Structure formats: structure tokens, C-alpha cells
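Below: the structure, in C-alpha cells.
Just follow the structure's listing: the first ligand is 1, and inside any ligand the first atom is 1. Predicted model only: the values in this text are computed from it and were never measured.
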Amino acid sequence: MAGTYARETEVLVIGGGPGGYMAAIRAGQLGKKVLLVERSELGGECLNRGCIPSKALIHIGSLYRELTTMGDSIGILAHDVRFDAAKAQASKRAVVEKEREGVRLLLKSAGVTVLKGEARFTGPKSAEFSAPDGGRERIDFATAIIATGSVPSVIPGFEPDGKQVLTAWDILDLTEVPTSLLVLGGGVSGCELGEYLASVGSKVTIVELLPQLLPGLDADLSRELTGTFEKRGITVLTSTRATKLERNATGVRLTVSAPNGEASVLEGERLFLTIGKRAATKDLQLEEAGVQADPRTGAIAVNDRQQTNAPHIYAVGDVGRPPMLAHKAYREGVVAAESIAGRSTRYQFQTMPSVVFTEPELMSVGLTKTEAEAQGLAPREARFPFAALGRAHAYHATQGWLKIVGDDKTGLLLGVQGAGAAIGELAAEVGLAIEMGATVRDVAMTIHPHPTFSEMVQEAALLWLDEPMHVARRREHARTP
Ligand SMILES: Cc1cc2nc3c(=O)[nH]c(=O)nc-3n(C[C@H](O)[C@H](O)[C@H](O)COP(=O)(O)OP(=O)(O)OC[C@H]3O[C@@H](n4cnc5c(N)ncnc54)[C@H](O)[C@@H]3O)c2cc1C
């Protein structure tokens, strides 16, 4: 790279998503000289093409459905309610731009230098930066943090084209609602975005290879969601394999094979391909830096300080260990930055919360009963219904339940799973309780404000203890002295 400009930095961060920007901010706060390179937009997938824009649209879709389905019954006479996809997009963009500006200001206040362009390794302690205008610079670094995220996985023959075959990123930018949509993949994005488009008028069919929607999540949660989807007219085909895709002038034809092996053809205006993601490490020239990645998945293995096999190079977020979640990336970013600054932080925790933003919303924290049994524990669960909660009635949100899993021997709280309104907001309370080693009785004795959805946690804990407040329990026989 003769004749190119060279920069020096203590910490080079490649990628400005949740993992990268959090690492850069924390390293900056701890006094390090930090350079962050981002080829697209600050905030990464989460802020620009994932968590935030999807929730902005899901919220709009949910309001629209509520107004069109229950307006009259609660005294809101909003007739001729219509959905304007282009305006919804404008609203979503405004949210994203505001958040992105927030990230820019946080980086600035931490003293981080941000370069727009692409970085790739040229040696163990050097990288090449290419700007969008073709300009190149050499970057010499003492340590680097790889935070390049992930890209949608593709099946040969099903390649996305941005028109008829769409990724989640394309779905989030749709300015019109397809009359019909085939969703290939019943994971989180397939369920969340499939439901959003169904709410605003698309005829949606979800095709999932495994026996349940949201594979890997508690089976009761999956059943609750599947039942609701079907009642709302979303077709759910599980244990179904897609074998062939044809594109024509009017839409797509998807050949699928049912559990009994019978083949059939589904037709739709568009196909949403959402079968998972793979680590984005292909263009980084990792071999120049001596960093190893899994040849199949692209993922980089890290230790509990986020170090790769090259100890001065760290990896955080989707590019490393699962799960691919923004809150996991945040934590890893902080651990990497603090490790570089000589602190003794570790990537260690009891529980990684998981929330699915459908209606009903789903939440899982800690162990399910099955997982606890597999660990040789003695789990017992108690399930409290939303229909027994005052707040749920006031908000016409009586669908769902929350179940507590506790250890019968020690009384320790092991996990909580639930489906229902705003249930994701309860994940942090439960997570804190598990992290602090709370017993189910500790949770039951904590006074929860009335009327709130958080009472679900206390009520389920009381039920687990066989001391319920708002579900009937048989009267104990008076013990005669
Ligand atoms: C539709 C959808 C909804 C989601 N909803 C949620 C949710 O509700 N909750 C949740 O926790 N997670 C959610 N996620 C997942 C979440 O977006 C990711 O887990 C998270 O963004 C990962 O953060 P990251 O920093 O590892 O990578 P990313 O956010 O992907 O950021 C990586 C960045 O690196 C940049 N980059 C890549 N290569 C280079 C290079 N060579 N040089 C410079 N820059 C580079 C990219 O442009 C990108 O900006 C969702 C994802 C999708 C698609």
C-alpha cells in the first residue's frame, strides 16, 4: 500500500452495530484511542434493518389490527380505517434516523473516531480501510474487535432478488403490502414479520421444516402462537420441506413436501426467505491476521473474554457464538472493551432472555422444565392465566399465561416462560431474580404494584407455592387442636 495514508490506533473496531458501537464506546470511556470503521450505517442490523424498524412496523400493524377488529366494541368509532404502507415506512425511517443520531453522539462523547467505509485485515496488526470514494488508508492497531455481524442464509435456487424473493431486510422496506406472502422459515423473523404483514392485509402462509414454529423455544409457547395465528387466518405448515421455487410474471410457486411425503404447490405474490443467518466474515481476510473461523458457518470462536485464537483480536456479536441477539452483542462488546483495558470482566451469566414480538408476545428466561430435568434438577411448574389478572381485563388482553419453573428441592427459581400482552417487559425482573439466586418465595413475597402485568410473576410464584391469591384453591380443613 505504498503512498497510502496510515493511521495508528490502540483499538480498531470493525462494524458499528450493537456489538461494535458498544465496544467502541466502552473502550473510549476507559481512555483508549478507538477507531471504528462502518461500511453502511451506525447501529448495524439492529437499528437499521432489524430490532428497531421491525418493532416500529409491528407496533403500527398491531394498532391497525386493534382498531379494525375491536374499535366499536370499546367505544372507538373509527370507521374507514386504512393502512398506508408508504406512510408507515416514513414513520419507521424517522424512528431509525433519530436512534442512529443518538449512537453517533454517544460515540462522539466517548472520543471515538468513526470512519465510513470497509476494513479488512492485511496482517496481524494492520488493516486496509477503503472509503466509498475509493480512497484507501492503512490502519495499524494494537488490538482489534471484529463486530461485522451476520448476513441472511440462502438456499441454492431460492436466492433473494429484492423483488419476488425477499429477505427480512427487504420486508422492512416494503412500501406496499403484497396480497399474499409465503414465508419460508418459522423462526423469530418469519413469525414477527409474517404476522405484521398479515395484520395489514396480506394472506400469509408460513412453511417450517421442523415440527413447531419457533424451533428451540418452549413447545407450549409455540403452540400458543400457532393457535392464535391460525385463528387470525395465517396458515402454518410445520414438518414441511420446501423443495422447489419457480418465479413467474405474477408471483412465485413453491413446491413443498408434507410430513406424509405428499408434494403440493403453494402460490404467492412474494416469498420471504428467512431460514437463518451466517456470520459475516467472508470479506475480512481473516487469514492475514491469523484468526480462525468455522469454514462452514463463518463463525469465530471466542473465549469468555471475547478473544479469538489470536489473543489481541476480539470478536463480538453475531459474528461469534450464538444466539444472534442484540442484547448479547451489547454485553460481549462491553466485555471485549473492558478486557482490552485490563479489567477482569468475563462473559458469564445465568440466563440469556429471549422475547418474540408477536401477539401474543412470548418470553423465555432461564430453564424450561424439560431443560431443568435434563440437568438432573427437580423442576415443578405452575401456570397463571392472564384471564385472572385485573390489568389484563382492563386492557382487553386476557389471552395467555405465565409459568414459573422452580426447583422442588431447593425452592430456587429456575425459569419463567410466558405468552401474553407486554410479557417481554417482565423478562428483566425474572432475569434479575435468577441472577441473584432468588427462591420462588422471594418472588412471591415481593410486593408488585396493582394493577400491572408484573403481577403475573408474583401470582405464578404464589401458585407454585400453593398459596394463590387470584385463582381458587380448595379450602384447607380446619385443623382441630
Ligand atoms: C428483522 C430482524 C429483527 C430483529 N429483532 C431483534 C430483536 O428484537 N432483539 C434482538 O436482540 N435482536 C434482534 N435481531 C438481531 C440483531 O439485529 C442482531 O443480533 C444484532 O444486530 C447483532 O449485532 P452485531 O453488532 O453483531 O452485528 P450487526 O448489527 O449486523 O452490525 C454489523 C455491522 O458491521 C458492518 N460491517 C460488516 N462488514 C464490515 C466491514 N468489512 N467493514 C466495515 N463494516 C462492516 C455492517 O455494515 C453492520 O453495520 C433482529 C434481526 C432482524 C433481521
Within a distance under 4.0 Å of any heavy atom of [X], pick out the atoms of ligand 1 and give their elements.
| X | result |
| --- | --- |
| Leu325 | 10 (C), 11 (O), 12 (N), 19 (O) |
| Gly317 | 26 (O) |
| His327 | 11 (O) |
| Gly50 | 1 (C), 2 (C), 3 (C), 4 (C), 51 (C), 52 (C) |
| Cys51 | 3 (C), 4 (C), 5 (N), 6 (C), 7 (C), 8 (O), 9 (N), 10 (C), 12 (N), 13 (C), 14 (N), 16 (C), 17 (O), 50 (C) |

Has [X] got any heavy atom lying under 4.0 angstrom from an atom of ligand 1?
| X | value |
| --- | --- |
| Val37 | yes |
| Met22 | no |
| Ile14 | yes |
| Glu38 | yes |
| Gly117 | yes |
| Ala280 | no |

Nearest protein heavy atom to [atom], by residue and atom, and its distance?
| atom | value |
| --- | --- |
| atom 51 (C) of ligand 1 | Glu45 OE1, 3.5 Å |
| atom 41 (N) of ligand 1 | Ala119 O, 3.1 Å |
| atom 27 (O) of ligand 1 | Gly149 CA, 3.2 Å |

Quiz item: Taking the minimum heavy-atom distance to atom 19 (O) of ligand 1, which of Leu57, Asp318, Val319 ranks first?
Solution: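 Looking at heavy atoms only, the winner is Asp318.
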Self-check item: side-chain hydrogen bond (donor to acceptor under 3.5 Å, both in side chains) involving Glu101 - partner list, sequence neighbours excluded
Solution: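 Partners of Glu101 under the side-chain hydrogen bond (donor to acceptor under 3.5 Å, both in side chains) test: Arg104.
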Quiz item: Between Glu10 and Lys33, is the closest basic N to carboxylate O distance under 4.0 Å?
Solution: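 Judged by the 4.0 Å cut-off on N to carboxylate O distance, Lys33 and Glu10 do not form a salt bridge.
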Practice problem: May I ask you to check whether Ala326 has an N/O atom sitting below 3.5 Å from an N/O atom of ligand 1? | Solution: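 Yes: some nitrogen or oxygen of Ala326 is under 3.5 Å from one in ligand 1.
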Quiz prompt | Pair listing, side chain to side chain donor-acceptor pair (under 3.5 Å) test, anchored in residues 316-327, at least two apart | solution =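 For residues 316-327, and leaving out neighbouring residues, the side chain to side chain donor-acceptor pair (under 3.5 Å) pairs sorted by first residue read Ser150-Asp318, Lys277-Asp318, Gln306-Arg321, Arg321-Glu332.
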